[in-house]
Amino acid sequence: MSDYMLAPSILSADFARLGEEVDNVLAAGADIVHFDVMDNHYVPNLTIGPLVCEALRKHGVTAPIDVHLMVDPVDRIIPDFATAGASYITFHPEASGHVDRSLQLIHNSGCKSGLVFNPATPLSHLDYVMDKVDMVLIMSVNPGFGGQSFIPAALDKIRQVRQRIDESGFDIRLEIDGGVKADNIAQIAAAGADTFVAGSGIFGKGQESDLHYYDSIIGEMRTQLK
Ligand code: DX5
Ligand code: ZN
């Protein structure tokens, strides 16, 4: 597979200069911007909402924005993110009373849709909606915080989803999120993922020149994917 996408999670970026951080990782070769939305209810943390997504668009960010909703409920906020410039909107099936309806709402709002699987969430949630998802996101940590360690059982889950996607014949991206670094990305790709979220693996190193640091870390991840 040649169309791997790197998705830096801005959760670990410097929020005081978010626009510049996003510009720099994109200039360094990142493909999409992973945007973690937490509500202090579905997960025990509170982050950013549609206003910040809109601010990135107004700042001039044209790359796809991959909105990962860790909120409950999900339907109320979906149209707001679509209006704010989201490209993908993914949510956790446990957080929606009507998964099929939420997926349709995302499509009707003009965005690509996806389902997110926590480490203990079964893949059976995909059974009747493969035709309505553009992305499957496998969590390799429990959601809520950056900087956690990769849970190895996610690799087998990735293999199972890869098989489901290939058998379905649909064009569905397979994204991994949590504890992804340059030293495990090749193994995750070999299991079948094609889209890689990395937060603490990219941001927050406090390097003298972030742009050069981002160039080298993103370059290293790309090299690992060859
Ligand atoms: C966790 C978030 C992740 C997080 C990943 O709930 O969904 O996107 O930012 O951070 P790292 O790459 O540090 O595990
Ligand atoms: Zn995420």
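In what follows, residues are counted from 1 in the order of the sequence shown. For ligands, and for the atoms within them, numbers begin at 1 and follow the listed sequence.
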When you check the side-chain N and O atoms of [X] and [Y], is any donor under 3.5 Å from an acceptor?
| X | Y | value |
| --- | --- | --- |
| T47 | D36 | no |
| H125 | H92 | no |
| Q224 | E220 | no |
| Y214 | E21 | yes |
| T90 | H68 | no |

Q.
If you take the nearest heavy atom of each of G201, G144, A13, which one is closest to atom 6 (O) of ligand 1?
A. G144

Q.
Measuring from atom 1 (C) of ligand 1, which candidate in F35, F145, F150 has the nearest non-hydrogen atom?
A. F145

Treating [X] as the side-chain partner and [Y] as the backbone partner, does any N or O pair qualify as donor plus acceptor under 3.5 Å?
| X | Y | value |
| --- | --- | --- |
| D31 | P8 | no |
| R173 | D194 | yes |
| S168 | F170 | yes |
| D72 | Y42 | no |

Evaluate [X] for polar contact with ligand 1, using N/O atom pairs at a separation under 3.5 Å.
| X | answer |
| --- | --- |
| S12 | no |
| S9 | yes |
| G179 | yes |
| H68 | yes |

Closest non-hydrogen atom pair, [X] against [Y]:
| X | Y | result |
| --- | --- | --- |
| S96 | F91 | CB-CE1, 3.8 Å |
| A86 | C53 | N-SG, 3.9 Å |
| N45 | M38 | O-CB, 3.3 Å |

For [X], take its heavy atoms, then give the atoms of ligand 1 lying under 4.0 Å from any of them.
| X | answer |
| --- | --- |
| H34 | 8 (O) |
| M70 | 6 (O), 7 (O) |
| A198 | 12 (O) |
| P143 | 6 (O) |
| M139 | 7 (O) |

[atom] - nearest protein heavy atom and its distance:
| atom | value |
| --- | --- |
| atom 12 (O) of ligand 1 | G199 N, 2.7 Å |
| atom 3 (C) of ligand 1 | D177 OD1, 2.9 Å |
| atom 13 (O) of ligand 1 | S200 OG, 2.5 Å |
| atom 10 (O) of ligand 1 | G146 CA, 3.6 Å |

(Q) Tell me how many protein N, O or S atoms are within a distance shorter than 2.8 Å of the Zn ion (ligand 2). (A)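 There are 4 of them.
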
**Q.** Sub-4.0 Å heavy-atom contact, M38 with ligand 1
**A.** yes

(Q) Once salt bridge (Lys or Arg N to Asp or Glu O under 4.0 Å) is applied, what residue pairs with a partner in residues 126-154 remain, sequence neighbours excluded? (A) D100-K132, D127-R164

Q: Any chance you could lay out the side-chain hydrogen bond (donor to acceptor under 3.5 Å, both in side chains) test for D23 and H59, step after step, and finish with the verdict?
A: CA-CA 9 Å; D23 290 344; H59 176 72; 2.7 Å; yes

